Novice: 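My structure is below; once you've seen it, I'll send some questions.
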Amino acid sequence: MIKEYRTIEEVAGPLMLIRSVEGVKYDELGEIELPDGSVRRCRVLEVNGDNVLVQLFESAAGLNLADSKVRFLGHGVELPVSGDMLGRVFSGMGEVIDGGPELIPEKVLDINGTPINPAARNYPSEFIQTGVSTIDGLNTLVRGQKLPIFSGSGLPHANLAAQIARQAKVRGTDSKFAVVFAAIGITFEEADFFISDFKRTGAIDRTVLFINLASDAAIERISTPRMALTAAEYLAFEKNMHVLVIMTDITNYAEALREVSAARKEVPGRRGYPGYLYTDLATMYERAGRKLDSEGSITMIPILTMPEDDKTHPIPDLTGYITEGQIILSRELYRKGILPPVDVLPSLSRLKDKGIGAGKTREDHADTMNQLFSCYARGKEAKELMVVLGEAALTPIDRLYAKFADAFEKEYINQSFEEDRTIEQTLDIGWKLLHILPRSEMKRIKPALLEKYWDKTE
């Protein structure tokens, strides 16, 4: 029997204090019934003796303290899951919002999940082809990896996210591939872009979308990525699917966490974020991976906008500690009209060596990747010198490196958001660009591979 309480003491913004409550637990879900019969949801933030502080998911407007009833449901936030989730659009609280029928759940799962035991983890080792050269060729994504994209406000990370969601695939396997897409704190216009893009290309059929709008409550923003990860865990570890989880924008999630923390009057940490921001992000990111006893896997691409393009801001800084690398978008390349504007030199995939080479991509992948990095870095230096000293002061070979850097940006980094390149096409473009330089400069490619591929790709 669920007890009902009429002991609401006060409401302050999104917080509500209820007195004389029995047996309620932290993080428990509650319902507030208004005199007109409508119901609003809340979550327990604090329990002090028989006093309970809850946060409302919806607005407190119109609440009459004396006439409203509160009941606690005995469980935390849960998500009904089923194989029929694919192709559907849900709110940040897991409610169907695509106008279709309600989901008939096979299970109801707690959204906080259970962490993967380190001893039960399988090491990421299989290449995922995203069709984007700068990721596949230079910062390879491996199945089970966490690879964030660090963007800036106004940069086209939404287009890149949609492109990866459409194009990503694990090559050479018959395993089913699914995408779980969580949009956190986005505008209606962005939500419409993602939904219509997935429907236009047919990618919606293998995608589960969770959409939390900027106008929704901050507390819902905190639940959205966990909803998405719960759906991903179900598809990966119970339906044996390869699941790619894309979450945008983690900055909005951290802002919501700060808002809730401030409402609870917690002692703030760096830049006003709660001191447990690192732990909180880790509880989400660490849900990605592979299990030894499961065919399925969760690969994660969290996307975050760096405030003021600052890599040392707490959100990108802490994310970088927990994840295996980062893809960084550059405002300078964006101004040049190069899309996607991936800054390849500071970008890094710490697991790229595990997913490339013969049998996975191609035998020349590692050597050409190192050679391209080296030549592009030297070309950028030559261009900087050119600005200071003028082109005439450069040696002929430095001028070639400067030419290589320009061509590399225009042909390798730059590609349409609709273009899906295979890894072979990406590697061949790399070889073609290396021909700008003399063969004697190919110091990072093994002689046998140079012999095999140099004349083939002119």
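Treat the numbers as computed from the prediction; the structure is a model and nothing was measured. We use all heavy atoms of the structure for the numbers below, so side chains are in, but hydrogens, waters and symmetry mates are not.
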Novice: For Phe188, does the CZ atom sit with more than 12 other heavy atoms under 6.0 Å from it, leaving out its own atoms?
Specialist: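 Not buried by this count: 12 neighbours or fewer within 6.0 Å.
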Novice: Taking side-chain hydrogen bond (donor to acceptor under 3.5 Å, both in side chains) as the cut-off, I'd like each qualifying pair that reaches into residues 345-354, sequence neighbours left out, listed once.
Specialist: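 Sorted result for residues 345-354: Gln145-Ser349.
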Novice: Can you tell me how far the CD1 atom of Ile250 sits from the CG atom of Leu281, to the nearest 0.5 Å?
Specialist: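 It is 7.0 Å, given to the nearest 0.5 Å.
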Novice: Measure the CE-CG distance between Met284 and Leu229 for me, rounded to the nearest 0.5 Å.
Specialist: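 One gets 7.0 Å once the value is rounded to the nearest 0.5 Å.
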Novice: Testing the 3.5 Å rule here: is there a donor-acceptor pair between the side chains of Ser133 and Arg421?
Specialist: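 Present: a donor and an acceptor within the cut-off.
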Novice: Measure the spacing between CE of Met85 and NZ of Lys239 and express it to the nearest 0.5 Å.
Specialist: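 If I round to the nearest 0.5 Å, the distance is 11.5 Å.
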Novice: How close do Leu292 and Ala119 get, counting heavy atoms only, and between which atoms?
Specialist: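 Smallest interatomic distance, heavy atoms only, reads CD1-O, 3.4 Å.
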Novice: Mind listing the closest non-hydrogen atom pair of Leu329 and Ser151 along with its distance?
Specialist: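 Closest approach of Leu329 to Ser151: CD1-OG, 3.6 Å.
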Novice: In Å and rounded to the nearest 0.5 Å, what is the CD1 to CD1 distance from Ile149 to Ile327?
Specialist: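 Interatomic distance, Ile149 CD1 to Ile327 CD1, rounded to 0.5 Å: 6.5 Å.
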Novice: Quick check: are there more than 12 heavy atoms from other residues, nucleotides or ligands sitting under 6.0 Å from CD of Glu295?
Specialist: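 No.
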Novice: Enumerate the residue pairs fulfilling salt bridge (charged side-chain N to carboxylate O under 4.0 Å, His left out) with a member in residues 79-92, sequence neighbours excluded, ordered by first and then second residue.
Specialist: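 Checked against salt bridge (charged side-chain N to carboxylate O under 4.0 Å, His left out) - neighbours excluded - the pairs reaching residues 79-92 are Arg88-Asp98.
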Novice: Using the side-chain contact (heavy atoms from CB on, under 4.5 Å) definition, which of the options Asn159, Ile164, Ile135, Val132 pairs with Pro340?
Specialist: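 In the set Asn159, Ile164, Ile135, Val132, the residue that makes a side-chain contact (heavy atoms from CB on, under 4.5 Å) with Pro340 is Val132.
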Novice: Do NZ/NE/NH1/NH2 and the carboxylate oxygens of Glu441 and Arg378 come within less than 4.0 Å?
Specialist: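 Salt bridge present between Glu441 and Arg378.
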Novice: Using modelled atom types only, decide if a donor and an acceptor are shared between the side chain of Glu286 and the backbone of Thr283 within a distance under 3.5 Å.
Specialist: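 Flag not set: sc Glu286 to bb Thr283 has no pair under 3.5 Å.
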Novice: With a 4.0 Å cut-off, would you call Lys146 and Glu324 a salt bridge?
Specialist: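 Yes, this pair counts.
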Novice: Decide whether Arg143 and Thr299 meet the rule of one side-chain donor and one side-chain acceptor closer than 3.5 Å.
Specialist: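 Judged by distance alone, the side chains do not pair up.
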Novice: State the CD-CG distance between Glu419 and Asn414, to the nearest 0.5 angstrom.
Specialist: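 It comes to 9.0 Å.
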Novice: Should the pair Lys446-Asp364 be classified as a salt bridge under the 4.0 Å nitrogen-to-oxygen rule?
Specialist: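 No, this pair does not count.
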Novice: Are the charged groups of Arg335 and Glu332 less than 4.0 angstrom apart, N to O?
Specialist: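 The answer is no: the pair does not qualify as a salt bridge.
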Novice: Run the salt-bridge test on Glu95 and Arg41 with the 4.0 Å N-O cut-off and return the result as yes or no.
Specialist: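 Here Glu95 pairs with Arg41 in a salt bridge, since their nearest N and O are under 4.0 Å apart.
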Novice: Can you tell whether the side chains of Arg71 and Glu31 come within less than 4.0 Å, N to carboxylate O?
Specialist: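 Between Glu31 and Arg71 there is a salt bridge, with a charged N closer than 4.0 Å to a carboxylate O.
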Novice: Please say whether more than 12 non-hydrogen atoms of neighbouring residues, nucleotides or ligands are located less than 6.0 Å from NZ in Lys199.
Specialist: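 At most 12 heavy atoms, drawn from other residues, nucleotides or ligands, come within 6.0 Å of this atom.
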Novice: Closer than 3.5 angstrom, by distance alone: can the side chain of His365 be matched with the main-chain N or O of Ala358 as a donor-acceptor pair?
Specialist: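 Such a contact is absent between His365 side chain and Ala358 backbone.
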Novice: When you look at NZ of Lys169, are more than 12 heavy atoms from neighbouring residues, nucleotides or ligands closer to it than 6.0 Å?
Specialist: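 More than 12 heavy atoms, drawn from other residues, nucleotides or ligands, come within 6.0 Å of this atom.
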Novice: Between Thr319 and Tyr285, is there a side-chain donor-acceptor contact under 3.5 Å, judged purely by atom types and distance?
Specialist: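 Tyr285 vs Thr319: donor-acceptor pair found between side chains.
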Novice: Nearest 0.5 Å please: distance from the CD1 atom of Ile222 over to the CG atom of Leu257.
Specialist: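 Ile222 CD1 to Leu257 CG: 5.0 Å, rounded to 0.5 Å.
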Novice: Regarding Lys176 and Asp205, does a basic nitrogen lie under 4.0 Å from an acidic carboxylate oxygen?
Specialist: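 Asp205 and Lys176: not salt-bridged.
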Novice: In plain terms, say whether Glu266 and Arg258 are close enough for a salt bridge, that is, a side-chain N and a carboxylate O under 4.0 Å apart.
Specialist: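 Result for this pair is no, no salt bridge flagged.
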Novice: Ignoring hydrogens and geometry beyond distance, is a side-chain donor-acceptor pair present between Arg171 and Gln129 at under 3.5 Å?
Specialist: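 Yes - a donor-acceptor pair under 3.5 Å links their side chains.
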Novice: Is it true that Asp367 and Arg444 make a salt bridge, defined as a side-chain N closer than 4.0 Å to a carboxylate O?
Specialist: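 No, this pair does not count.
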Novice: Applying ring pair (Phe, Tyr, Trp, His ring centres under 6.0 Å) as the test, list every pair that has at least one member in residues 108-161; sequence neighbours left out.
Specialist: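 Output for this query is empty, none listed.
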Novice: Using the ring pair (Phe, Tyr, Trp, His ring centres under 6.0 Å) rule, collect all pairs that involve residues 85-114, keeping only residues at least two apart or in two chains.
Specialist: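 Every pair satisfying ring pair (Phe, Tyr, Trp, His ring centres under 6.0 Å) with a residue in residues 85-114: Phe90-Phe210.
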Novice: Charged N to carboxylate O below 4.0 Å: is that the case for Arg221 and Glu259?
Specialist: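 A salt bridge is absent here (no side-chain N lies under 4.0 Å from a carboxylate O).
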Novice: Hey, are Arg362 and Glu424 close enough for a salt bridge, meaning a charged N less than 4.0 Å from a carboxylate O?
Specialist: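 A salt bridge is absent here (no side-chain N lies under 4.0 Å from a carboxylate O).
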Novice: Thinking salt bridges, do Asp406 and Lys383 make one under a 4.0 Å N-O criterion?
Specialist: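 Here Asp406 pairs with Lys383 in a salt bridge, since their nearest N and O are under 4.0 Å apart.
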Novice: Return yes if some donor-acceptor pair links the side-chain N/O of Gln415 with the main-chain N/O of Gly131 below 3.5 Å, else return no.
Specialist: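 Here the side-chain-to-backbone pair exists.
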Novice: Any pair with a residue in residues 234-261 that passes ring pair (Phe, Tyr, Trp, His ring centres under 6.0 Å), sequence neighbours left out, goes on the list, sorted by first then second residue, please.
Specialist: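 Every candidate ring pair (Phe, Tyr, Trp, His ring centres under 6.0 Å) pair involving residues 234-261 fails, so no pair, neighbours aside, qualifies.
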Novice: Answer yes if the ring centres of Tyr401 and Tyr376 are under 6.0 angstrom apart, and no otherwise.
Specialist: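 No, ring centres 6.0 Å or more apart.
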Novice: Does Lys360 come within less than 4.0 Å of Glu126, counting only side-chain N to carboxylate O?
Specialist: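 No, this pair does not count.
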Novice: Would you please say whether a donor-acceptor pair under 3.5 Å links the side chains of Thr426 and Asp136?
Specialist: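 No, because no side-chain N or O of Thr426 sits under 3.5 Å from a partner of the opposite role on Asp136.
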Novice: Name all pairs fulfilling the ring pair (Phe, Tyr, Trp, His ring centres under 6.0 Å) condition that reach into residues 301-350, sequence neighbours left out, sorted by first residue then second.
Specialist: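 Only Tyr273-His313 qualify under ring pair (Phe, Tyr, Trp, His ring centres under 6.0 Å).
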